[in-house]
Amino acid sequence: MKYNGQTVDLPPEAEEVAGFYGAMIDTEHAKDATFNKNFFDDFLKILKKYPPKNGVKITKFELCDFRSMFDHFEAEKTKKKSMTSAEKKTAKAAKDALEAPYTHCTLDGRKEKVGNFRVEPPGLFRGRGDHPKKGALKLRVRPEDITINIGKDVPIPTPNVPGTWKEVVNDNTVTWLANWVENVNGNYKYVFLAAGSSIKGQSDWTKFEKARELKKYVDQIRNDYNDALRNKNMGERQRATAMYFIDKLALRAGNEKGDDEADTVGCCSLRCEHVTLEPPNKLVFDFLGKDSIRYYNEVAVDEQVYKNIRIFKNGKNPEDELFDRVNTGALNRHLASYMKGLTAKVFRTYNASLTFQDLLDRGTPEKGTVQEKLNAYNHANRMVAILCNHQRAVPKTHEQSMGKMRDKLRGLKYERMKLRHALFAIDAKYKKDKRYKEPESDLDDDAIATHEDNLKAKELEKAEKKFQKDNEKAAEDGKEPQDESVLKEKLKEIEADYKRLKKERGTEKHVLKREKPTEKIEEAIDKLEEKIKTFKLQMEDREAGKEVALGTSKINYLDPRITVAWCKEHGVPVERLFSKTLMTKFPWAMEVDMDWKF
DNA sequence: TCCCATGACTCAGAAACCTGTAC
DNA sequence: CGTACAGGTTTCTGAGTCATGGG
């Protein structure tokens with residue numbers, strides 16, 4: 001790196017930290033003031049211990065230049081990319097062989113896959129949202145930091161780097177294999193078994209069975225909280241209102257958070273500023289939830305809920321707690337009084353899976369194609385993801401791919417228009433036919449001209465390419481190449497075709513290249529009509545789903561047995577919906593029969 | 001008895017990686 | 001038939017939930 005234009009000769013310990021930042025100068029993190037401050041504070045501490053060997057004094061972040069480090073990492077990436085596939089394969093095999101001893105463990109005599117067997121490498125803490133500690137240096141973890149949890153009387157594994165374990169315990173009441181305390185927030189980090197392990201599978205099954213059990217109690221719970229919405233005791237009334245939100249809106253419980261964390265909220269920790277009243281009965285929620293993801297929802301609510309929120313907000317400041325007499329502990333204890341193990345998060349699982357089952361039952365076309373059924377499935381999946389507010393960043397290529405789709409749609413409409421005009425040219429009576437009246441609204445003369453230009457350009461290019469290829473082939477076969485005039489003739493033909501099309505513009509008449517009887521044209525229009533319709537739907541779907549993440553609900557909230565049973569009932573291969581990892585995550589769900597319901 | 005820190009687990013989106021497909 | 005790249009899959013680790021236990 002450079003400082004104030006001067007090259008800095010850093011010892012490896014300091015160079016590593018500078019490199020962590022250098023690799024990130026092109027990211028959003030490097031534009032964040034908190035991130036930069038935290039990084040630089042920690043960098044200075046490291047520099048104090050490992051000062052530049054050439055005596056440069058680093059004191060100001062603004063004078064640091066990490067560009068050369070960034071370029072270095074980019075070059076490394078490019079080098080890696082440019083390896084031949086054979087080289088990549090060898091490199092991967094070598095890495096796999098090195099890691100093979102650590103990927104599995106023995107649990108009760110069975111071989112089980114370990115999830116995160118690599119310890120987290122050092123780096124800069126990538127806190128989400130306005131995390132006050134983002135950018136802080138996350139230290140390298142050494143054996144001395146790690147506690148391992150193994151069976152009694154089994155040999156103690158040797159660390160793969162020099163050092164000795166912090167501690168070796170034999171605790172069979174927990175599922176972790178190793179843990180350490182991370183230095184930035186003081187949180188525990190664990191090595192667990194993989195998602196497909198027996199332990200995780202068992203726990204997943206329990207989770208969904210618990211959610212199903214809620215079905216037996218949910219009516220009573222709803223009756224009770226609806227009554228309690230009017231309770232004279234404000235604590236009870238607040239709790240009932242909170243339960244209403246957790247149940248109807250699938251909000252998270254909302255534990256209290258500290259000052260050293262990002263300011264995010266859930267149900268119990270909502271502040272007055274997060275909910276506004278919109279007469280006569282609408283509430284507008286606007287707050288940052290888990291991962292600092294915005295929750296925005298305008299929703300019509302029960303009249304009494306609306307009144308309650310007005311009462312709870314009365315006389316309070318925006319930054320005051322909306323439910324000042326409710327906390328997650330008390331709420332969960334209340335829920336547990338209905339059913340053993342019932343907590344706020346069970347409602348999310350319950351409502352997600354039940355909604356999904358219901359949408360599938362009502363929305364799957366019995367006689368549709370597999371694709372149509374898959375569309376119904378994805379739609380149901382999306383509705384659940386929206387309910388749970390599972391978001392993603394809009395894909396970088398979204399606008400581009402929408403543009404391409406719009407072009408394609410215009411192309412289809414153009415084709416349909418030409419077919420209609422062909423009918424009109426044959427018999428003017430078709431103009432009166434309702435079916436062919438609909439004008440292509442987004443196909444004005446300009447659009448048509450552009451489209452035809454594009455088509456022409458493509459055809460010309462294609463013709464040239466074909467000509468070249470034919471000649472190459474001829475040369476290979478030892479034949480004479482075609483004369484240049486053949487190509488010229490062809491190009492001329494194309495030009496003439498488009499000249500004709502240009503003349504047709506505005507006449508509502510078209511002569512097909514190959515003559516067709518009117519029935520055939522009508523048939524073709526119908527087919528095209530269908531194609532346009534489904535394509536439009538596809539476009540709308542893509543636009544509506546650009547910010548919705550489907551994976552989270554599929555992995556965590558939707559009982560996999562719903563999917564398996566649905567697949568069996570509708571003859572859809574499960575592999576179309578579950579990736580390899582999901583297949584290994586849900587082996588316990590695969591045997592249900594087709595009429596299983598959540 | 002309550003409250004609050006601790007600990008262990010699930011759930012979350014981004015980034016890295018891989019793969020199928022359109023050209 | 002190779003290649004580029006878009007979109008799907010897997011990995012990574014941060015951010016929640018919630019039970020427990022000790023003061």
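We name chains A, B, ... by the order of the sequence lines, and we start the count at 1 in each one.
The 5' end of DNA chain C is approached more closely, in terms of each residue's nearest nucleotide, by A/V119 than by the other of A/N332 and A/V119. Closest-nucleotide positions on DNA chain B for A/N389 and A/K200 were compared, and the one nearer the 5' end corresponds to A/K200. Mapping A/D291 and A/T173 onto DNA chain B via the closest heavy atom, the residue that lands nearer the 5' end is A/T173.
Among the protein residues, A/A262 comes within range of no part of the nucleic acid, since none of its heavy atoms lies under 4.0 Å from any strand. Contact annotation for A/Q391: backbone-only contact, meaning every heavy-atom pair under 4.0 Å involves sugar-phosphate atoms and none involves a base. Residue A/K138 is classed as a sugar-phosphate contact, given heavy-atom separations below 4.0 Å to backbone atoms only. Contact annotation for A/G254: backbone-only contact, meaning every heavy-atom pair under 4.0 Å involves sugar-phosphate atoms and none involves a base. Residue contacts for A/G127: at a heavy-atom cut-off of 4.0 Å it reaches the sugar-phosphate backbone alone, with no base atom in range. Counting any heavy atom pair closer than 4.0 Å across all strands shown, A/N179 reaches sugar-phosphate atoms only and no base atom. Among the atoms of the strands shown, none is found under 4.0 Å from any heavy atom of A/T328. Within the 4.0 angstrom heavy-atom criterion, base atoms lie near A/N255.
OP1 or OP2 of C/dG16 has not a single side-chain nitrogen or oxygen of A/K345 nearer than 4.0 Å. Using a 4.0 Å cut-off, no side-chain N or O of A/Y188 falls inside it from OP1 or OP2 of B/dA8. Residue A/R348 places at least one side-chain N or O closer than 4.0 Å to OP1 or OP2 of B/dA12. In terms of phosphate contacts, A/R333 brings no side-chain nitrogen or oxygen within less than 4.0 Å of OP1 or OP2 of C/dC18. Under 4.0 angstrom from either OP1 or OP2 of C/dA19 there lies no side-chain N or O belonging to A/T343. Applying the 4.0 Å criterion to OP1 and OP2 of B/dA12, one finds that A/Y557 has a side-chain N or O inside that range. Close to B/dG13, at under 4.0 Å from its OP1 or OP2, lies no side-chain N or O of A/H390. The phosphate of B/dC9 (OP1 or OP2) has a side-chain N or O of A/T175 nearer than 4.0 angstrom. Between A/T264 and C/dA15 there is no side-chain N or O to OP1 or OP2 distance below 4.0 Å. Checking the phosphate oxygens (OP1, OP2) of B/dT10, no side-chain nitrogen or oxygen of A/N556 falls inside 4.0 Å. Regarding contacts with the backbone of C/dG14, every side-chain N or O of A/H131 stays at 4.0 angstrom or more from both OP1 and OP2. Of the side-chain N and O atoms in A/K207, one or more sit less than 4.0 angstrom from OP1 or OP2 of B/dC11.
For A/T552, the side-chain atoms get nearest to B/dA12 when compared with the rest of C/dG16, B/dA12, B/dA8. Ranking B/dC9, C/dC18, B/dA12 by closeness to the A/F192 side chain, first place goes to B/dC9. For A/T349, counting side-chain heavy atoms from C-beta on, the closest listed nucleotide (B/dA8, B/dG13, B/dC11) is B/dC11. The side chain of A/A393 has B/dA14 as its nearest neighbour among B/dT10, B/dA14, B/dT6.
In this structure, the CG atom of A/N327 is 8 Å from the P atom of B/dC3, given to the nearest Å. What separates NZ of A/K210 from P of C/dT17 is a distance of 15 Å, to the nearest Å. One can place CD of A/E256 at 14 Å from P of C/dC18, the figure rounded to the nearest angstrom. Rounded to whole angstrom, the span from the CD atom of A/E261 across to the C1' atom of B/dT6 amounts to 14 Å. When rounded to the nearest whole Å, the span between NZ of A/K290 and C1' of B/dA12 equals 5 Å. In this structure, A/L550 places its CG atom 14 Å from P of B/dA12, rounding to the nearest Å. Atom CG in A/L387 sits about 12 Å away from atom P in B/dA12, given to the nearest Å. With rounding to whole Å, A/F125 atom CZ is found 12 Å from C/dT13 atom P.
For A/R126, the CZ atom sits in a loose shell: 12 or fewer heavy atoms of surrounding residues, nucleotides or ligands are nearer than 6.0 Å.
At a threshold of 4.0 Å, the pair A/R118-A/E99 counts as salt-bridged, since one of the basic side-chain nitrogens sits closer than that to a carboxylate oxygen.
Aromatic ring pairs are classed by plane angle as parallel below 30°, tilted from 30° to 60° and perpendicular above 60°; the pair A/F39 and A/F66 is perpendicular. Between A/F578 and A/F586, the angle of the ring planes lies from 30° to 60°, which puts this pair in the tilted group. The aromatic rings of A/F245 and A/F323 sit tilted relative to each other, their planes meeting at an angle between 30° and 60°.
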- Starting at the 5' end of nucleotides 15-23 of chain B, put B wherever the base has a protein heavy atom under 4.0 Å, S where only the sugar-phosphate does, and a dash everywhere else. ---S-----
- Item | Nucleic acid footprint by protein, nucleotides 2-12 of chain C - heavy-atom cut-off 4.0 Å, B for base, S for sugar-phosphate alone | ----SS-SS-S
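Of the candidates A/N179, A/L177, A/V168, A/V181, A/N179 is the only one forming a side-chain contact (heavy atoms from CB on, under 4.5 Å) with A/T147. Checked against A/F356 for a ring-ring contact (aromatic ring centres under 6.0 Å, His included), the options A/W566, A/F208, A/Y377, A/Y350 give a single hit: A/Y377.
Side-chain contact annotation: A/K257 with A/T264, donor-acceptor N/O pair under 3.5 Å present. Looking only at atom types and distance, the side chain of A/N170 has no donor-acceptor partner in the side chain of A/N149 under 3.5 Å away. Under the 3.5 Å distance criterion, with hydrogens and angles disregarded, a donor-acceptor pair is assigned to the side chains of A/N36 and A/Y21.
For the atom pair CG (A/L335) and CD1 (A/I246), the distance works out to 7.0 Å, reported to the nearest 0.5 Å.
Within the 4.5 Å cutoff, the side chain of A/H104 has heavy atoms near those of the A/K111 side chain.
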- Message: Please evaluate residues A/Q391 and A/N389 with respect to the criterion side-chain hydrogen bond (donor to acceptor under 3.5 Å, both in side chains), reporting the C-alpha separation (whole Å), side-chain torsions for both, the decisive distance (0.1 Å), and the verdict.
- Response: CA-CA 6 Å; A/Q391 298 189 15; A/N389 199 38; 2.9 Å; yes
